[in-house]
Amino acid sequence: MNNYEIVVIGGGPAGLAAAIEARKNGVKKILLIERDRELGGILQQCIHNGFGLHIFKEELTGPEYAERYIQELITMGIEYKLNTMVIEITKNRQITAINTIDGIMHIQGKAIILAMGCRERTRGAVRIPGTRPAGILTAGMAQRFVNMEGYMIGKRIIILGSGDIGLIMARRLTLEGAQVLAVAEIMPFSGGLTRNIVQCLEDYNIPLFLSHTVVDIEGQDRVKAVTIAKVDKNSIPIKGTEKRFECDTLLLSVGLIPENELSKCAGIELDKVTGGSIVNESMETSIEGIFACGNVVHVHDLVDWVTEESKRAGKSAAKYVKGESTGRYKVINIKGINGVRYVIPQLLRVKNITESINLMMRVDNIYKNIKFIVKGNGQKIKEIKRAHVAPGEIETIKITLNELTYRDYNEISVEIVKEEA
Amino acid sequence: MEPKDMICIACPLGCRLSIYEDNSAEGFIVSGNKCLRGIDYAVKEMTNPTRVLTTTVKISKAFFSRIPVRTNGAIPKSLIYEAMKLINCIEIQAPVRMGQVLIKNILDTGVDIIASRSMYEREMLDHIKDSTFEVKKSL
Ligand SMILES: Cc1cc2nc3c(=O)[nH]c(=O)nc-3n(C[C@H](O)[C@H](O)[C@H](O)COP(=O)(O)OP(=O)(O)OC[C@H]3O[C@@H](n4cnc5c(N)ncnc54)[C@H](O)[C@@H]3O)c2cc1C
Ligand code: SF4
């Protein structure tokens, strides 16, 4: 058995930031494990700009953002293993990992930080009818092919889903000479960042069909045509609204799911809404000494928040291994209600808050001119006005220690209230 | 004149801006912006819209066959396709450093095309690929 103080699983921005922060907090024996052939995670294929505005105050591309942290990790001399896949973790923080050089490895961590990111929903997960020809792939897969491997994936393309990856790929494929005929979105609004709608679709005159979905795929060996149709309030296609596009490729950008197979096998409690682990203010999961951060906790749209959250995980894990444990203090439950789908963290121990804590949340619809109301045991603690909120964009609310300790709360809730005009 | 609505894309916040022409020194009045960059963006969008272009370039001797590149400043929107044509003509060889200039002053815009990551030579990689070697010793 190999022993480490902290083992980080996943070398994306979350794992990198957590490992670096743990070292900055005095932890010597850290091992980071990554299954890919290089560090950086999903950022290496996100070649567009828009990363790091909050942290570096400049707009970097994904690879540039990643390289800054990779450099820092290497300079600090933090150990890492590439091409190594973690296949099991236990609640006693034992890790089983494999690669082609070492074979099977058993590693004991005093603390573990989970940073496995997320994976894409596939065709099966959204149940699209029609034949099963070649030419149907997820947007992230296409992104990797085009941006890293240098393969073009098609000439005439339909994209289902208007999440950020779909939008970014619409522009990318257009620039590379393909014709993106349509982006169909089943919801009445796009799940992507507004800036991506403008920069990726409007700039290139790519039509976005809201409240539309794919109702048929034709083709034997390769996609020949895709038919989309308008859907009603219950997402049922409306007869007579079909539009048929002759095309050779269908991209699916239908959402991401936190990658939690490992967490499940350790018995870590997951949140039904986020699909990620339930965490407290220290980013600790339901199992003591196992922390989580980044897309494995909930799907983020901005990498800056991933880094911020992951630093918190790294720092907490450092405290844990040094025995300055966060302790079994009283726990406050946090929940989202009335339009707030979820709030991260789900649990909070006031004793561990030094100045303030950022609550991160997603709303369930587009709302204009609303207030977020934060309540403790049903009584208002704080309210924040917002002119516009959307499901595609994470909202953050800062709560100070003073606000948290005003009374002895058992439960905190965040909800949306319409502002009277 | 009717105000024109647009979404500021200078940063991911995406503020909803409203802009109309007036007789002030700038010639426009902007509202809805959370920071000053919003004003610049709206005025520019009315007069000379520009974009940062990110794409890839062929690379040989590296682990991947494409390396991501970008303009190190914004170029006029109208030149994007022309720039793509030029960028698609070049081919480079590893090793490349992040920030290295690959095309200088593209289309006389005063803006360069730079590599947006480092890529090592494939053979070199075997040595610096990771710290597996040291880790193995310590295991
Ligand atoms: C297409 C796309 C576009 C985006 N655009 C933007 C943008 O414009 N601006 C912005 O700020 N943010 C953007 N984001 C968001 C941001 O990039 C992500 O939120 C962030 O990369 C998540 O980091 P992570 O470390 O949690 O996950 P990842 O980057 O996915 O890293 C997880 C790592 O864990 C590894 N791993 C998983 N399982 C195992 C295992 N069992 N053993 C070993 N290793 C494992 C994976 O190989 C991977 O390297 C975008 C995301 C995507 C997908
Ligand atoms: S106005 Fe400022 S804060 Fe708002 S989107 Fe533009 S750059 Fe971002």
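Chain A is the first sequence line, chain B the second, and so forth, proteins listed ahead of strands; every chain is numbered from 1. As a basis for the values below, the full set of heavy atoms in this structure was taken, side chains included, without hydrogen atoms, waters or symmetry mates.
Put simply, the side chain of B/S116 never gets that close to the backbone of A/E64: no donor and acceptor are under 3.5 Å apart.
The CZ atom of B/R117 lies 6.0 Å from the CE atom of A/M148; values are rounded to the nearest 0.5 Å. For the atom pair CZ (A/R172) and OG1 (B/T55), the distance works out to 3.5 Å, reported to the nearest 0.5 Å. The structure places CG of A/L193 at 11.0 Å from CD1 of B/I7, a figure rounded to the nearest 0.5 Å. The structure places CD of A/Q44 at 7.5 Å from CZ of B/F64, a figure rounded to the nearest 0.5 Å. The CZ atom of B/R16 sits 6.5 Å away from the NZ atom of A/K368 when rounded to the nearest 0.5 Å.
The environment of CZ in B/F28 is crowded: more than 12 heavy-atom neighbours from other residues, nucleotides or ligands sit within 6.0 Å.
Of residues 76-86 of chain B, those residues lying under 4.5 Å from chain A by any heavy-atom pair are B/K77, B/I80, B/Y81, B/M84.
Using a 4.5 Å heavy-atom threshold, the side chains of B/M6 and A/V198 count as separate. You'll find the side chain of A/I47 stays beyond 4.5 Å of the side chain of B/R66, heavy atoms only.
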- Message: Using side chain to side chain donor-acceptor pair (under 3.5 Å), reason through A/E67 and B/S118 one step at a time and then give a plain yes or no.
- Response: CA-CA 8 Å; A/E67 196 158 323; B/S118 306; 2.3 Å; yes

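Taking A/F51 as the reference, A/H48 meet the ring-ring contact (aromatic ring centres under 6.0 Å, His included) condition, with sequence neighbours excluded.
One finds no salt bridge joining A/E149 and B/K58 here, because no Lys/Arg side-chain nitrogen approaches an Asp/Glu carboxylate oxygen to under 4.0 Å.
Of the listed residues (B/G32, B/S65, B/P49), the one with the most heavy-atom contacts under 4.5 Å to chain A is B/S65. Chain B forms more heavy-atom pairs under 4.5 Å with one residue of A/D301, A/T61, A/D203 than with any other, namely A/D203. Of the residues considered (B/T54, B/V52, B/I67, B/L53), B/T54 shows the highest number of contacts with chain A, using heavy-atom pairs under 4.5 Å.
Contacts between A/E34 and chain B at a heavy-atom distance below 4.5 Å are absent for every atom of the residue. For A/Y65, no part lies under 4.5 angstrom from a heavy atom of chain B.
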